[in-house]
Amino acid sequence: MKCRRCRQPAVIDLRRHNAAFCSDCFLHHCREQVRRAISEFSMFGPEDRILVAVSGGKDSLALWHLLRELGYSADGLYIGLGIGGYSEESEIRTRAFADDHGLTLRVISLPEDHGYDVETAAQRTRRAPCGACGLSKRHLFNRAALDGGYDVVATGHNLDDEAAVLLGNVLHWEPGYLGRQYPVLPATEGFARKVKPLVRLGEREMAAYCVLLGIEYQVEECPMAEGNRHLGYKEVLNDLEARSPGSKAAFLASFFSRGHEFFRDAAGGEQEALHGCVECGSPTTGEVCAFCALRARVVGDTPVTIGRKD
Amino acid sequence: MKVLLRNPRRELEIEGPMVADVLLRRLDINPETVLIICDGTLVPRDTRLSDDAEVELRPVISGGAA
Ligand code: SF4
Ligand SMILES: [Zn+2]
Ligand SMILES: [Zn+2]
């Protein structure tokens with residue numbers, strides 16, 4: 001196969017684009033897709049300070065790299081989840097990447113700074129690990145962005161992640177989730193703006209980006225992910241994609257351009273009822289926010305019970 | 001050729017030469033889900049993999065839901 005742009009030998013084929021690229025042209029393609037996503041959804045401008053949620057995996061490291069390549073000012077935040085060897089290795093990769101590229105990395109450790117790890121939280125609250133993990137990460141990224149004076153939190157959710165989430169939301173017709181599923185969520189009182197600049201790039205592209213640049217990312221899967229229903233959705237979507245290249249991208253892009261507006265009103269309704277969490281000040285509808293409630297139930301040092309009972 | 005697979009990590013010995021696309025089909029792997037890395041270099045699906053090649057089929061699917 002030859003590169004579509006320059007006719008040199010290709011290193012990767014992208015059936016969705018009916019194209020193959022050489023290394024240089026592929027990297028150009030990735031930058032171009034991110035540039036278009038940022039401008040299409042008015043995510044941020046050159047003056048904005050961006051906090052990138054980095055996990056040490058391919059998506060977040062590639063995102064951080066791409067934002068810097070495109071000239072944005074972006075610091076990273078890594079959250080140690082206490083998931084054994086997986087977390088240790090992820091942190092090593094993240095720190096090495098930041099060092100190699102002279103980037104500013106902030107690190108928060110769930111076990112050291114908040115007294116629990118994802119697995120314990122999952123067990124004690126009988127939630128799925130990804131539920132407890134996601135809640136903790138969203139809260140801490142948001143807090144860190146507000147406290148650090150950042151304008152926006154950028155996450156490495158890619159086209160495949162978002163298409164899988166969309167399939168899940170559609171299978172259950174979740175109006176609130178559908179209303180909130182968008183590549184940019186504007187800042188509201190107590191919440192930083194959130195953006196997903198990789199929505200136009202698939203996970204195969206993100207892995208290839210890292211391989212071509214010699215970015216050593218965490219290749220192993222998080223052990224908690226097994227059996228996760230999003231993996232099932234990705235499998236279904238990839239079967240569809242193999243039969244009909246471009247399906248995933250069309251599914252997601254047409255939702256953003258034609259479907260999302262019908263759910264937008266379902267997304268924001270609760271805003272008025274929010275006030276400050278008595279523990280941390282984050283906006284919440286209850287007395288304490290979901291994060292502080294989770295933490296109290298796992299660590300057991302706060303006599304507050306709220307939310308789901310076991 | 002030596003074929004390295006991950007999650008779980010394992011190694012297969014498969015007789016070459018063989019076009020990468022055929023290898024994927026033989027192993028029942030959806031090409032959307034892997035990168036083909038031949039002797040340390042990323043290659044497209046129509047690449048002829050020689051019998052003495054070391055081929056990594058690196059999965060690209062992450063499972064996190066958050
Ligand atoms: S797979 Fe689940 S538990 Fe593991 S890092 Fe991702 S969200 Fe957290
Ligand atoms: Zn080229
Ligand atoms: Zn709180």
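Numbered from 1 within each chain, the chains take letters A, B, ... in sequence-line order. Atom set for the values below is all heavy atoms of this structure, side chains included, hydrogens, waters and symmetry mates excluded.
The parts of A:Ala208 that come within reach of chain B are both its backbone and its side chain, each placing non-hydrogen atoms under 4.5 angstrom from that chain. Of the atoms belonging to A:Leu14, not a single heavy atom falls under 4.5 Å from chain B. Looking at B:Asp46, the atoms closer than 4.5 Å to chain A (heavy atoms on both sides) sit in the backbone and in the side chain alike. Residue A:Phe26 does not touch chain B at all, counting heavy-atom pairs closer than 4.5 Å. Contacts of A:Asp239 with chain B are made by both backbone and side-chain atoms, with heavy-atom separations under 4.5 Å. For a residue to count as touching a neighbouring chain, one of its non-hydrogen atoms must lie under 4.5 Å from one of that chain's; by this rule B:Ile36 does not touch chain A. Both the backbone and the side chain of A:Val11 come within less than 4.5 Å of a heavy atom of chain B. Neither the backbone nor the side chain of A:Arg229 comes within less than 4.5 Å of any heavy atom in chain B.
Of all residues in residues 15-28 of chain B, none places a non-hydrogen atom less than 4.5 angstrom from a non-hydrogen atom of chain A.
The number of heavy atoms from other shown groups lying within 6.0 Å of CD (A:Glu235) does not exceed 12. Within 6.0 Å of the CZ atom in B:Arg6, the count of heavy atoms belonging to other residues, nucleotides or ligands exceeds 12. Heavy-atom neighbours of A:Tyr177 OH from other residues, nucleotides or ligands within 6.0 Å: at or below the threshold of 12. When the shell of 6.0 Å around CD of A:Glu119 is examined, it contains 12 or fewer heavy atoms from other residues, nucleotides or ligands.
Rounding to the nearest 0.5 Å gives a distance of 12.0 Å between NZ of A:Lys234 and CD of B:Glu32. To the nearest 0.5 Å, atom CG of residue B:Leu35 and atom CD of residue A:Glu203 are 10.5 Å apart.
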Subject >> Evaluation steps, side-chain contact (heavy atoms from CB on, under 4.5 Å), between B:Arg58 and A:Val219 >> reply: CA-CA 8 Å; B:Arg58 184 181 294 191; A:Val219 178; 3.8 Å; yes

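Scanning all heavy atoms of the two residues, the minimum distance from A:Asp13 to B:Pro44 falls at OD1-CA, 3.4 Å. The two atoms that bring B:Val34 and A:Arg204 nearest to each other are O-NE, 3.1 Å, heavy atoms only. Nearest heavy-atom pair across B:Ser62 and A:Leu231 is O-CD2, 3.9 Å.
In this structure, A:Asp117 has no salt bridge (Lys or Arg N to Asp or Glu O under 4.0 Å) partners at least two apart in sequence or on a different chain. Taking A:Tyr182 as the reference, A:Phe41, A:Phe256, A:His260 meet the ring-ring contact (aromatic ring centres under 6.0 Å, His included) condition, with sequence neighbours excluded. Scanning for salt bridge (Lys or Arg N to Asp or Glu O under 4.0 Å) contacts around A:Arg93 gives A:Glu89, A:Glu216, with sequence neighbours left out.
Under the 3.5 Å distance criterion, the side-chain polar atoms of A:Asp160 are left unmatched by any main-chain donor or acceptor of B:Ile61.
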